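Report on one structure; see the data block that follows.
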Number of protein chains: 2
Amino acid sequence: MKIATTSGELRAHNRVRLLRAVHDCGAARTRSQLTRDLGLARGTASVLVAGLADDELLHEEPASEHARGRPTQVPGPHPHGPLALAADVREDAWELAACELGGRVTVLEVRPHDGTPEGALAPLGEAVAAHRRRLGHRVVGVGMALPGPVRHGGLVAITHLGWRSVNVPALLGLHPHAAHRGGSEPPDLPIVGNDTAFAALAEARRGRLRGVRVGLHLHVDFDLGGVLVVDGHPLGGAGETGAEFGHMPLGGGDRPCDCGAIGCWGMDVGANALLRHAGLAYGGGRGREQAEQVLATNEEAVATVARALGRGVAALVNAHDPEVVTLSGLGAELWERAGEALLAAGEPYLMTIRRDRPPRIEGSALGWRGALLGAMESVFDAFLTTEGLELWRKNHPDQARDTPDQQNVMHSTFEGENPI
Amino acid sequence: MKIATTSGELRAHNRVRLLRAVHDCGAARTRSQLTRDLGLARGTASVLVAGLADDELLHEEPASEHARGRPTQVPGPHPHGPLALAADVREDAWELAACELGGRVTVLEVRPHDGTPEGALAPLGEAVAAHRRRLGHRVVGVGMALPGPVRHGGLVAITHLGWRSVNVPALLGLHPHAAHRGGSEPPDLPIVGNDTAFAALAEARRGRLRGVRVGLHLHVDFDLGGVLVVDGHPLGGAGETGAEFGHMPLGGGDRPCDCGAIGCWGMDVGANALLRHAGLAYGGGRGREQAEQVLATNEEAVATVARALGRGVAALVNAHDPEVVTLSGLGAELWERAGEALLAAGEPYLMTIRRDRPPRIEGSALGWRGALLGAMESVFDAFLTTEGLELWRKNHPDQARDTPDQQNVMHSTFEGENPI
DNA sequence: AGTTTATGCTCTAGCCGTGAACAAAACCCT
DNA sequence: AGGGTTTTGTTCACGGCTAGAGCATAAACT
């Protein structure tokens with residue numbers, strides 16, 4: 001986070017801190033708690049909240065439970081406040097959702113696709129554009145998770161689907177538009193990222209890696225992704241194409257991988273490996289249901305995959321000394337069904353000092369939703385900055401400040417539910 | 001870095017920023033440059049510099065080269081300013097140095113030792129204590145690099161020397177003293193760290209990883225250490241015992257390692273591996289000279305080790321996507337003598353997308369000095385914070401503010417050189 | 001109904017950085 | 001040599017910010 005150096009930046013900074021705190025706690029803390037947690041004076045908090053409410057970023061509601069004194073308010077998302085659109089594109093389907101400040105998610109659309117870049121992305125692009133039109137200026141960004149390495153700018157390579165260097169923003173039809181009014185760069189370009197990195201981000205903010213200084217997150221689906229999470233941030237690598245722990249030769253074999261290397265660990269862990277061990281056809285992002293059947297019925301195949309997973313986990317624990325290792329997607333199910341085999345296979349590969357104080361291993365708290373939630377968090381990460389809020393202020397229609405009539409209209413919309 | 005939230009913290013913050021900038025550039029930039037780089041108003045810089053000079057943290061000297069206008073000053077270390085003590089403890093010898101703000105290093109002592117914890121650390125502890133007495137309040141911290149994983153609190157395991165869980169601060173005789181005057185926690189405890197992590201830190205601040213967002217640093221001596229450097233910080237892991245990339249099974253073998261695991265990559269890279277391939281005795285931290293002879297004469301052994309290094313580097317590049325890979329210690333020499341073999345061996349293990357834009361591989365800019373310099377940097381990292389500077393102010397003898405006589409005395413000491 | 005308690009609101013004091021005006025100290029040109 | 005130019009350091013009025021105190025408020029407790 002950038003630091004303030006002038007008294008003017010100070011205010012902008014505290015606005016961000018307050019909004020960030022509201023978002024991170026899921027809009028569940030009272031104003032007085034927030035005031036204490038952020039170390040602010042009550043007067044300062046008063047001014048800040050008033051300003052943010054004026055900008056339609058926050059809206060206070062009375063707290064439901066009271067203690068002794070004067071009842072306090074709970075700052076939450078404003079009914080006209082910022083929204084993040086987020087999509088999780090998998091090998092065989094995609095999901096699109098909207099999310100408001102605080103993290104409440106509304107799923108908008110789910111649709112299967114044929115695995116081609118156009119077949120997957122063109123309809124998604126249309127759906128995004130339609131919802132963006134509908135929601136107008138409230139949409140502050142679009143996040144998109146994809147199951148492969150994503151270069152800066154949205155070039156995606158998903159070798160096991162035959163995507164070589166797919167320009168995701170272009171296929172979505174979400175080119176950066178002409179300059180907004182206001183002049184500054186509009187946040188029109190989607191934030192495209194790796195599903196594993198997003199799942200890790202979600203885990204760090206709202207899952208089992210919350211408050212963890214150094215964690216390791218492994219996301220298992222058809223193949224295996226892994227990434228280190230440090231102080232709440234997944235490490236993306238230089239071109240944002242990190243999170244590829246699955247392509248280290250930790251499995252011991254030398255089978256050629258679709259990625260172009262040999263011996264990749266990821267080939268021995270995931271749905272494809274399950275199908276292979278069960279003697280079924282695999283590859284091309286097909287066979288999710290068969291894989292789940294193997295997972296449920298073929299104990300030997302499950303144990304073999306769990307052992308491969310365990311061996312690699314041990315290697316990564318040696319190298320990075322994480323506090324917690326979290327497993328999402330299939331990984332969580334492997335951990336549940338064959339945790340013993342996983343641990344036993346890793347044991348010989350652990351350093352003695354790691355055996356003395358091994359990291360916790362846990363299934364994800366977010367299940368298969370991680371990637372979607374992480375994409376959403378990344379949009380808010382970009383928005384909850386001094387620049388992001390400044391842009392909101394600029395591109396925002398004038399708030400009803402002077403006209404009391406409009407104030408009343410606004411209040412009337414507060415009454416009912418407003419589904420996104 | 002902590003962020004400021006009140007106007008009071010603002011000042012403290014800018015003091016840190018200015019001092020940090022002076023330190024990072026090696027006291028080579030003029031005040032006007034610093035003012036521009038930090039985005040300060042000239043007036044603000046004026047006040048800040050005056051305050052820091054008052055606290056004996058900075059001392060301005062006229063710039064040697066002039067441009068057109070009024071000549072500017074160069075802020076540098078104050079003759080009574082803070083000093084960091086730093087030691088590099090290797091398997092067969094240690095080195096102790098002092099360093100002032102800006103990074104000028106004075107080597108104080110070098111001494112071989114017998115490889116036992118007491119034999120190595122007791123004399124070092126005495127030397128540190130003696131210099132600390134001599135230099136008094138100017139010593140703001142002691143940093144110490146050791147060739148093995150270091151747990152928080154200074155417990156070190158160097159398995160290839162038979163050190164199991166050595167309490168370094170205790171053996172140094174540097175227990176935390178009784179409370180300082182001032183009350184706050186004194187910085188008496190040495191900052192004990194892994195040599196690889198320190199070498200990486202030095203590389204990030206004053207070497208080839210400067211300004212690099214994601215880098216990978218590998219330090220090869222008797223064994224192999226490796227660590228990721230993100231935004232100028234080596235990733236320590238949960239218990240600060242990260243930096244152990246050498247203990248992943250990237251070599252392909254299954255030989256048992258001293259660390260308790262099997263198949264560790266580090267066994268195939270480093271002085272021990274060189275000795276082994278040459279058919280010589282190895283282990284116990286002995287044989288540095290023989291290893292250097294092997295390096296100079298036995299091409300086949302060198303190539304074998306370089307290939308093992310290259311294979312692991314490829315795996316790590318896949319996983320982390322670093323911008324630059326730096327090699328220090330023996331690694332730099334291996335790179336120089338057998339860079340081709342290293343690259344060729346790594347090639348098959350690289351993902352296609354990594355082959356398209358491979359990271360730069362470079363020898364360290366700091367040679368064998370990295371660990372020592374990194375230990376020094378870590379002391380300044382702890383000192384150049386709002387808390388560190390506040391402590392300096394408190395524990396500092398009163399500055400000669402009102403008495404002009406003392407001012408003159410001070411100026412007389414400015415004249416001569418003052419060797420540390 | 002009065003007391004207690006925690007919170008929200010308002011206003012002043014103190015601190016900080018900005019930016020303008022001025023002073024200083026060099027270089028450049030005639 | 002001397003005046004103009006250029007860049008930097010210094011000083012100060014100004015606006016912005018947060019802290020903290022005092023007061024108002026609204027509930028729970030007695």
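Heavy atoms only: backbone and side chains are in, while hydrogens, waters and symmetry mates are out. Predicted model only: the values in this text are computed from it and were never measured. Each chain gets a letter, A, B and so on, in the order its sequence line appears, and its residues count up from 1.
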May I have the distance from [X] (atom [atom1]) to [N] (atom [atom2]), rounded to whole angstrom?
{"X": "Leu48(B)", "N": "dT10(D)", "atom1": "CG", "atom2": "C1'", "value": "14 Å"}
{"X": "Arg11(A)", "N": "dC16(C)", "atom1": "CZ", "atom2": "P", "value": "18 Å"}
{"X": "Glu9(A)", "N": "dC15(C)", "atom1": "CD", "atom2": "P", "value": "22 Å"}
{"X": "Leu10(B)", "N": "dA19(D)", "atom1": "CG", "atom2": "P", "value": "11 Å"}
{"X": "Gln33(A)", "N": "dG8(C)", "atom1": "CD", "atom2": "C1'", "value": "16 Å"}
{"X": "Arg15(B)", "N": "dC15(C)", "atom1": "CZ", "atom2": "P", "value": "15 Å"}
{"X": "Leu18(B)", "N": "dG17(C)", "atom1": "CG", "atom2": "C1'", "value": "14 Å"}
{"X": "Leu58(A)", "N": "dG8(C)", "atom1": "CG", "atom2": "P", "value": "14 Å"}

Does [X] have a side-chain nitrogen or oxygen under 4.0 Å from the phosphate oxygens OP1 or OP2 of [N]?
{"X": "Ser32(B)", "N": "dT7(D)", "answer": "no"}
{"X": "Ser46(A)", "N": "dG8(C)", "answer": "no"}
{"X": "Arg31(A)", "N": "dC9(C)", "answer": "yes"}
{"X": "Asn14(B)", "N": "dG17(C)", "answer": "yes"}

We want to know whether [X] and [Y] form a side-chain donor-acceptor pair, criterion being a heavy-atom distance below 3.5 angstrom.
{"X": "Thr386(B)", "Y": "Arg15(B)", "answer": "no"}
{"X": "His78(B)", "Y": "Glu100(B)", "answer": "no"}
{"X": "Asn14(A)", "Y": "Arg17(A)", "answer": "yes"}

Output yes when a side-chain donor or acceptor of Thr35(B) lies under 3.5 Å from a complementary backbone atom of Arg31(B), and no otherwise. yes

Please answer whether the main-chain N or O of Gly374(A) pairs with a side-chain N or O of Arg206(A) as donor and acceptor at a distance below 3.5 Å. no

Give the ring-plane orientation class for His23(A) versus Phe380(A), where under 30° counts as parallel, over 60° as perpendicular and anything between as tilted. tilted

Please tabulate, one pair per line, each protein N/O and nucleotide N/O from nucleotides 1-5 of chain C that are separated by under 3.5 Å, including the distance.
none

Could you check which residues of residues 35-44 of chain B get a heavy atom under 4.0 Å from DNA chain D? Sort them by number, please. Arg36(B), Arg42(B), Gly43(B)

Side chain to side chain donor-acceptor pair (under 3.5 Å) involving Thr72(B) - partner list, sequence neighbours excluded: none

Between Asp37(B) and Arg29(B), is a salt bridge (Lys or Arg N to Asp or Glu O under 4.0 Å) present by the stated rule, with each step listed? CA-CA 10 Å; Asp37(B) 294 350; Arg29(B) 263 136 87 191; 2.5 Å; yes

How far apart are the closest heavy atoms of Ala365(B) and Gly207(B), and which atoms are they? CB-CA, 4.0 Å

Most 5' of Glu60(A) and Ser7(B) on DNA chain C, judged by nearest nucleotide: Glu60(A)

